[in-house]
*Asks:* 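This is the structure, below, for whatever I ask next.
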Number of protein chains: 2
Amino acid sequence: MYIHQLKHNIPNSSFYLMKEKLKEHIEKLIPLTDDEFLFVLSHFSFEKYKKNDFLIQQGESVKHCYFVVSGLLKLVYDDKDGKQHIVSFAMEDWWESDFSAYFTQTKAKMSLQCIENTSVFSLSLKNYEKLSTELPKIERFFLKKSNAGHIASQNRIISFLTSNAKERYEQLLKQYPLLFQRVPKTLIASYLGVSRETLSRLSF
Amino acid sequence: MYIHQLKHNIPNSSFYLMKEKLKEHIEKLIPLTDDEFLFVLSHFSFEKYKKNDFLIQQGESVKHCYFVVSGLLKLVYDDKDGKQHIVSFAMEDWWESDFSAYFTQTKAKMSLQCIENTSVFSLSLKNYEKLSTELPKIERFFLKKSNAGHIASQNRIISFLTSNAKERYEQLLKQYPLLFQRVPKTLIASYLGVSRETLSRLSF
DNA sequence: TTATAATCGTGATGTATGTCACACGACAAT
DNA sequence: ATTGTCGTGTGACATACATCACGATTATAA
């Protein structure tokens, strides 16, 4: 009985921590009063997914963008030959979606799938717009996030332009040392744009 | 004498057209009253550059971002071996800068240089912030632009992940058919991430 | 004009990386 | 225990691409 209660309490207390995570994340860029944050939070829904679950499926419509509270996801593009290409890993504290499909309300060009069990706050486009309109502050937050995303993508392009497979691997290793204990090398290879065999042969 | 007057009038009438270009560009995304637009415009300065001029030099601080009214620029990353890599072409109607350096007030990692004679509206960070604060509408405009830029960069990454040199060339050709009459193939090659010799050998 | 850059193509050759095949251990499901 | 799937390494070979070298043409500047 006591154990039962505990079991029931865990999700609640963990939800409290989740909220704090989102709040702290936003407040790194813009200050919010408690009321403002509760207003913000009311536009999100908290969701849990298991390893291999899809949050977005290529070809389907994209209703939400996601803030990753815990876990790990991959944003994947499947080409015509059925090969998988990892456009991005989405880790804790990241915002992810197929933003093109999300904002223009078109079909997803990419999938978003769990590499680990993952919990997220999800935000519908309608709520995104409502939030932006009613709390202009948050629009500044999204703008900063978008800029950061743009810059990150540009750096990845520069990496492709200037570096070979080994150098790109080293850059990734330096940028996200934690990643390598969490994901199989096949996925790392797919992110780097090389075959898993080539990656395996790179000597360090 | 009459010719003299004409000469003096050209810049003025052309400046009028420039303003219209900016106005129409913004109004594709958000409506503006005439007064609002004049307020917006007052934060910009209009500048003309000649072929090969630098708007941003790698290693220097970045004071402005630019809206390209006419002409053509390249955003270039020079690697340690002195090789040039084109991160982006900036054509008419594009916003460009080393945004990372611009927003974080650090030294430029890239250069922005004219491929053709170019005229721009330039916006200082201070004015960017003033404008965003005093006219929240414009913040939504910048957000939409930033999202679009992010998505464009992500598509370029997908192109690197999924396609070989020839396919990337064809994609670029399809996306910007006009570009190929305006810039030497060496620059196209540099944008695609292949040597100019390889590009030259691709058969079409 | 003449001289000096750019630009572009193309051969010869080297190298990075892809592809196919196979083996082996870790782990999961039954 | 048994079977299967997944992750990983590695050999053999094919291929895409880089690099170096040379000419030829076309702009550009003195």
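Chain naming here is simple, since letters A, B, ... match the order of the sequence lines and numbering starts at 1 in each.
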*Asks:* Please report, rounded to the nearest Å, how far the C1' atom of D:dT5 is from the CG atom of A:Asn52.
*Replies:*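 Atom-to-atom, A:Asn52 to D:dT5, this comes out as 13 Å.
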*Asks:* Are B:Glu170 and B:Lys174 close enough that some pair of their side-chain heavy atoms sits under 4.5 Å apart?
*Replies:*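 No, side chains not in contact.
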*Asks:* Taking the six-membered ring for Trp, are the ring centroids of A:Phe67 and A:Phe44 within less than 6.0 Å of each other?
*Replies:*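 Not close enough - the centres of the two rings lie 6.0 Å or further apart.
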*Asks:* So what's C:dA5 paired with, Watson-Crick or G-U wobble, going by both distances under 3.5 Å?
*Replies:*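 Looking at the geometry, C:dA5 pairs with no nucleotide.
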*Asks:* Would you kindly give the CG-to-C1' distance between A:Leu202 and C:dT15, to the nearest whole Å?
*Replies:*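 My rounded result for the distance is 14 Å.
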*Asks:* Taking the six-membered ring for Trp, are A:Tyr191 and A:Tyr176 closer than 6.0 Å centroid to centroid?
*Replies:*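 Ring centres of A:Tyr176 and A:Tyr191 not closer than 6.0 Å.
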*Asks:* Quick one: are the ring centres of A:Phe121 and A:His25 less than 6.0 Å apart?
*Replies:*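 Distance test on ring centres: not under 6.0 Å, no.
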*Asks:* Given that B:Leu199 and A:Ser163 both sit by DNA chain C, which one's nearest nucleotide is further toward the 5' end?
*Replies:*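 The answer here is B:Leu199.
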*Asks:* Answer yes or no: is there a side-chain heavy-atom contact under 4.5 Å between A:Phe99 and B:Asn147?
*Replies:*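 In short, these two side chains do not touch, never coming nearer than 4.5 Å.
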*Asks:* Please check if the side chain of A:Gln58 supplies one atom and the backbone of A:Lys109 the other of a donor-acceptor pair under 3.5 Å.
*Replies:*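 Checking the backbone N and O of A:Lys109 against the side chain of A:Gln58, a donor-acceptor pair under 3.5 Å is found.
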*Asks:* Does A:Arg156 qualify as a cation-pi partner of B:Phe160, given the criterion of NZ or CZ under 6.0 Å from the six-membered ring centre and within 45 degrees of its axis?
*Replies:*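 Relative to the ring axis of B:Phe160, which defines the angle, A:Arg156 lies outside at least one limit.
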*Asks:* Are the aromatic rings of A:Tyr128 and A:Phe142 close, with centres under 6.0 Å apart?
*Replies:*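 Ring centroids of A:Tyr128 and A:Phe142 are less than 6.0 Å from each other.
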*Asks:* What pairs of nitrogen or oxygen atoms, one from the protein and one from nucleotides 19-25 of chain D, lie under 3.5 Å apart?
*Replies:*
{"residue": "D:dT19", "atom": "OP1", "partner": "B:Lys83", "partner atom": "NZ", "Å": "3.3"}
{"residue": "D:dT19", "atom": "O4", "partner": "B:Arg201", "partner atom": "NH2", "Å": "2.9"}
{"residue": "D:dC20", "atom": "N4", "partner": "B:Glu197", "partner atom": "OE2", "Å": "3.3"}

*Asks:* Please give, in whole Å, the distance from D:dA27 C1' to B:Lys51 NZ?
*Replies:*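 Atom-to-atom, B:Lys51 to D:dA27, this comes out as 9 Å.
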*Asks:* With nearest nucleotides of DNA chain D determined for A:Lys185 and B:Arg168 from heavy-atom distances, which residue corresponds to the more 5′ nucleotide?
*Replies:*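 The residue whose closest nucleotide sits nearer the 5' end is A:Lys185.
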*Asks:* Strictly under 4.0 angstrom, non-hydrogen atoms only: write out the protein contact profile of nucleotides 24-30 of chain C, one letter per nucleotide from the 5' end, B, S or -.
*Replies:* -------
*Asks:* Answer with base, sugar-phosphate or nothing: what part of the nucleic acid does A:Ser200 contact at a heavy-atom distance below 4.0 Å?
*Replies:*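 Base contact - A:Ser200 has a heavy atom under 4.0 Å of at least one base atom.
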*Asks:* May I have the step-by-step check of salt bridge (charged side-chain N to carboxylate O under 4.0 Å, His left out) for B:Arg140 and A:Glu139, ending in yes or no?
*Replies:* CA-CA 7 Å; B:Arg140 173 152 310 188; A:Glu139 193 146 36; 2.8 Å; yes
*Asks:* Since syn is defined as within 90° of 0, does D:dA14 count as syn or as anti?
*Replies:*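 Here D:dA14 takes the anti form, which means its glycosidic angle is more than 90° from 0.
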